[in-house]
Structure formats: C-alpha cells, structure tokens
Amino acid sequence: MSLKHKYVMIDDVNIHYVEASALRNKIDAKPCMIFLHGFPEYWGTWQAQLDYFSTEFRVIAPDLPGYNLSDKPKALSFYKLPNLIAFLAKFVGIISPEQPVILVAHDWGGAIAWPLAAFHSHLISKLIILNAAHPSTFTREMINNSEQRQKSNYIHQLISPSAESLLTQNNYHYLTEIMMLHSDHYQFHEESKQTYRKVWQQQGAINGMLQYYRAMPQLMPEVNDSADSIEQSNSSVKSSPIKSTADIKIPNIRINLPTLILWGEQDLAFVNENLNGIEQYVPHCSIVRFANTSHWLQHERPDEVNKAIEDFIND
C-alpha cells in the first residue's frame with residue numbers, strides 16, 4: 001500500500017491526513033472509509049486497517065486537530081464538542097462530496113463520531129465504533145456506576161494545571177507506560193513507542209491533545225471529592241467541566257444508521273456496562289466483544305478487527 005500524505009484547509013485550520021486506494025475505476029468504487037483516532041494517538045493507529053481495506057476501498061485517516069501534523073488551534077472553544085462535530089462534518093463532506101462514507105472511530109474519535117452520526121447522518125452510510133462509549137450510556141454509568149467513576153479519575157489529571165508536565169516528563173513515561181496499558185498477550189514495542197514520542201514532540205501537540213479533555217461538556221467529580229474540592233477544582237481550571245451529580249444531564253443521542261461496536265472487555269477506561277441498553281439509542285446495532293483485550297484492540301487484534309469490519313460492511 002502506498003500512502004499519500006495530504007492536507008486540507010477547513011475554517012483556517014490545516015488538517016493532515018493520509019490516503020490510500022488501489023481503485024482506478026470510480027464507477028465501481030465502494031464508499032470511502034474514514035478512520036478517526038483517539039487520545040493519545042495519531043493516524044498511524046489505523047495502519048493495519050489501512051493496509052487491509054485499501055485493496056478495495058479508498059481509505060482516509062486524518063490527524064485530528066491538535067494532533068501530530070494537523071494544526072493545533074489555541075482557543076479552547078475550538079475543542080468544544082459542538083464545534084468538533086461541525087468541523088469533522090465539513091471534513092467528511094470535503095473528502096467524499098458525492099456519497100456517504102463508512103466511518104470508523106476509536107476513543108476520542110468515537111466520542112466525536114457518535115454525535116456526528118446522530119446529527120449529520122446524511123454523511124455516513126455505516127458507523128463502526130471501537131471502544132468508545134456512547135455518550136448517553138457513558139453519562140448514565142458515570143452517574144450510577146462507581147467503577148466507571150473510578151476508571152475516569154485519570155481525566156482529572158489531564159485537566160489539571162500540571163498536565164503538560166505530567167505527560168512530557170521522563171520521556172513521556174505517563175503516556176507510554178500508564179495511558180497505553182495493554183492486555184497480557186500484547187505490548188507496544190519500543191519502536192512503536194519511539195514513533196509515538198515523535199508524534200507528541202510536534203510543537204503544541206501535548207497541549208492540543210489535552211484541550212479535548214479541558215473542553216469536555218460535563219465531568220463527574222473525582223471519586224471521594226467533597227463539594228469544597230469540586231469548587232476548588234473548578235476555580236483552578238478555567239472552564240472546568242466538573243459538575244456535581246445533580247447537574248449532570250444524560251444526553252439523548254440517537255443514531256439510526258447501521259452500527260457496529262467492537263469492544264475490548266479489559267478496557268481500563270470504560271466499564272462493560274456501557275453496552276447495556278445501547279439499543280435504546282442505537283436500534284440498528286451489532287456488538288462484537290473481544291475477551292482478554294484492552295482499550296487498544298485495533299493494535300492487539302488487528303486481523304479479528306478487520307474481519308469483523310469486513311463482515312459488517314458486506315452484510
């Protein structure tokens with residue numbers, strides 16, 4: 001596969017993406033596949049999928065705004081979810097102006113893809129989500145499930161004033177050894193870690209990545225936080241997303257597209273109960289679970305992930 005590196009300017013923000021396709025005849029071309037990565041990654045997280053699907057599809061994988069070779073807007077308002085949704089909708093429309101795309105997304109890419117599919121469904125033919133909790137079920141679990149609140153405690157580190165120092169110290173140790181924890185049967189090799197370090201070394205990249213968390217619409221307090229500590233946290237972080245339980249609202253995000261959820265059951269960020277009742281919001285939904293697999297299932301189970309995606313597309 002020959003990857004082409006390209007850029008597109010959207011609202012004065014330059015977005016880097018890679019593209020590959022073995023197709024020469026546009027008449028018989030299948031829908032374009034767009035892959036959205038999450039934190040703390042970049043387009044390269046999809047290498048195995050780009051290799052596999054480029055033989056039949058036009059495949060596109062951008063660096064999200066704030067990441068790697070894409071521009072990194074400084075304004076926090078840019079990273080608020082409604083703006084990210086509108087921005088990525090423009091990106092999809094530019095990449096594939098004539099037909100809906102197959103959208104594949106992981107982690108923060110999935111957090112954007114869920115509402116993107118809900119509010120801009122005309123742009124998407126099928127939605128494929130890898131370990132990104134639906135915003136409605138995730139909020140429900142944050143309110144009702146202490147284990148999910150415990151698993152989400154790391155977010156408070158990422159919105160703290162010392163977050164950039166935390167992520168960069170000791171050669172990005174926090175990112176490589178804590179955030180990117182994997183299951184027992186898989187590990188990120190040193191060569192891969194070195195590639196990620198180069199991605200994180202891009203000017204402004206660490207700040208850009210953290211902006212997504214700082215601009216979150218709502219976040220539960222840290223486990224065992226008191227009302228005083230919530231107020232203290234809010235005063236120390238500008239536009240803090242931290243809210244009390246009573247102020248947390250469950251969004252009503254409904255998606256009527258054919259949807260596939262691929263889920264590693266050993267995810268350290270999400271409880272498996274996020275899948276409970278998902279049909280209430282996504283009626284045309286299929287779920288494939290991967291036992292003994294972590295949050296990073298496209299790395300750990302690339303062949304099985306590719307097969308599940310292919311089966312879903314061809315169904």
Side-chain angles (χ1 to χ4, degrees), residues 1-21 32-47 49-50 54 58-97 101-116 120 123-124 130 132 158-159 163-164 167-168 172 175-176 179-180 192-216 296 298-299:
M1 177 192 64
S2 177
L3 281 173
K4 296 179 180 178
H5 291 258
K6 298 184 177 183
Y7 288 85
V8 60
M9 186 70 73
I10 305 171
D11 297 338
D12 296 323
V13 177
N14 209 19
I15 295 298
H16 167 260
Y17 65 96
V18 296
E19 176 176 354
S21 175
C32 175
M33 297 180 71
I34 295 180
F35 297 80
L36 303 181
H37 69 81
F39 177 93
E41 301 208 278
Y42 72 115
W43 69 263
T45 187
W46 301 111
Q47 188 70 63
Q49 287 67 50
L50 299 174
S54 63
R58 178 187 175 214
V59 295
I60 302 283
D63 288 322
L64 290 178
Y67 282 83
N68 195 31
L69 301 179
S70 287
D71 280 353
K72 301 157 185 69
K74 294 182 179 180
L76 185 64
S77 59
F78 177 89
Y79 299 90
K80 290 187 180 296
L81 199 53
N83 187 68
L84 288 175
I85 296 166
F87 187 88
L88 267 297
K90 291 178 183 178
F91 176 80
V92 173
I94 291 170
I95 291 297
S96 183
V101 306
I102 297 169
L103 185 62
V104 186
H106 173 248
D107 187 75
W108 257 107
I112 299 169
W114 282 120
L116 179 62
H120 298 274
L123 296 173
I124 303 164
L130 289 76
L158 300 183
I159 64 173
E164 287 192 59
L167 267 58
T168 56
Y172 304 94
L175 291 172
T176 60
M179 287 301 299
M180 300 180 75
S192 177
K193 291 178 182 179
Q194 190 56 35
T195 299
Y196 275 97
R197 291 186 185 104
K198 291 178 181 178
V199 167
W200 301 327
Q201 287 167 3
Q202 297 294 325
Q203 185 173 5
I206 293 296
N207 180 68
M209 290 158 50
L210 290 172
Q211 292 285 63
Y212 285 76
Y213 290 98
R214 296 170 183 146
M216 285 178 67
W296 313 103
Q298 70 268 39
H299 294 277

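Here the structure is a predicted model, which means the values were calculated and not measured.
- Applying the side-chain contact (heavy atoms from CB on, under 4.5 Å) rule to Thr168 yields the partners Tyr172, Ile206; only residues at least two apart in sequence or on another chain are considered.
- In this structure, Pro73 and Val13 approach most closely via the heavy-atom pair CG-CG2, 3.9 Å.
- Between His37 and Tyr67, the ring centre distance stays below 6.0 Å.
- Heavy-atom minimum distance, Asp63 versus Leu69: OD2-N, 3.4 Å.
- Contact between Gly110 and Ala132 at its shortest, heavy atoms only, is CA-CB, 3.6 Å.
- To the nearest 0.5 Å, atoms CE (Met33) and CZ (Arg58) are separated by 13.0 Å.
- In this structure, CG in Leu158 is found 6.0 Å from CG in Leu210, a value given to the nearest 0.5 Å.
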Practice prompt. Kindly indicate, with the supporting measurements, whether the criterion side chain to side chain contact (heavy atoms under 4.5 Å, CB included) is fulfilled by Cys32 and Ile102.
Written response: CA-CA 6 Å; Cys32 175; Ile102 297 169; over 6 Å; no
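- The shortest heavy-atom contact between Tyr79 and Leu84 is O-CD1, 3.3 Å.
- Remark: Ser70 OG to Tyr17 OH distance equals 11.0 Å, nearest 0.5 Å.
- To the nearest 0.5 Å, atom OG of residue Ser96 and atom CD1 of residue Ile124 are 11.0 Å apart.
- Taking every heavy atom of both residues into account, Phe78 and Pro65 meet most closely at CE2-CB, 3.5 Å.
- Lys198 meets the salt bridge (Lys or Arg N to Asp or Glu O under 4.0 Å) test with no other residue; sequence neighbours excluded.
- The shortest distance between side-chain heavy atoms of Ile112 and Leu81 falls below 4.5 Å.
- For Tyr42 and Tyr196, the ring centers are positioned less than 6.0 Å apart.
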Practice prompt. List the steps, then state whether side chain to side chain contact (heavy atoms under 4.5 Å, CB included) holds for Glu41 with Met180.
Written response: CA-CA 10 Å; Glu41 301 208 278; Met180 300 180 75; 3.9 Å; yes
Worksheet item: Going through the checks in order, is the side chain to side chain contact (heavy atoms under 4.5 Å, CB included) test met by Leu76 and Gln211?
Response: CA-CA 6 Å; Leu76 185 64; Gln211 292 285 63; 3.3 Å; yes
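- Side chains of Gln47 and His299: no donor on one and acceptor on the other come within 3.5 Å.
- A 4.5 Å side-chain heavy-atom check between Trp114 and Ile85 finds every atom pair outside the cut-off.
- Taking the side-chain contact (heavy atoms from CB on, under 4.5 Å) definition, one finds that Ala61 meets it with Val18, Phe35, Trp43, Trp46, Leu50, sequence neighbours left out.
- Scored by the salt bridge (Lys or Arg N to Asp or Glu O under 4.0 Å) test, Lys6 finds Glu19 as partners (sequence neighbours excluded).
- Under the side-chain contact (heavy atoms from CB on, under 4.5 Å) criterion, Ile10 pairs with Val8, Phe87, Lys90, Phe91, Ile94, sequence neighbours left out.
- Scanning all heavy atoms of the two residues, the minimum distance from Val199 to Ala205 falls at O-CB, 3.8 Å.
- In this structure, the ring pair (Phe, Tyr, Trp, His ring centres under 6.0 Å) partners of His106, at least two apart in sequence or on a different chain, are His295, Trp296.
- Separation of atoms CG (Leu88) and CD1 (Ile15) is listed at 8.0 Å; rounding is to 0.5 Å.
- In this structure, CG in Leu167 is found 4.0 Å from CG in Leu175, a value given to the nearest 0.5 Å.
- Side-chain contact between Ile34 and Val92 is present, with at least one heavy-atom pair separated by less than 4.5 Å.
- Using a 4.5 Å heavy-atom cutoff, the side chains of Leu36 and Val104 are not in contact.
- With contacts defined as side-chain heavy-atom distances shorter than 4.5 Å, the pair Asn207/Glu164 qualifies.
- Ring centroids of Trp108 and Phe39 are separated by 6.0 Å or more, keeping the two rings apart.
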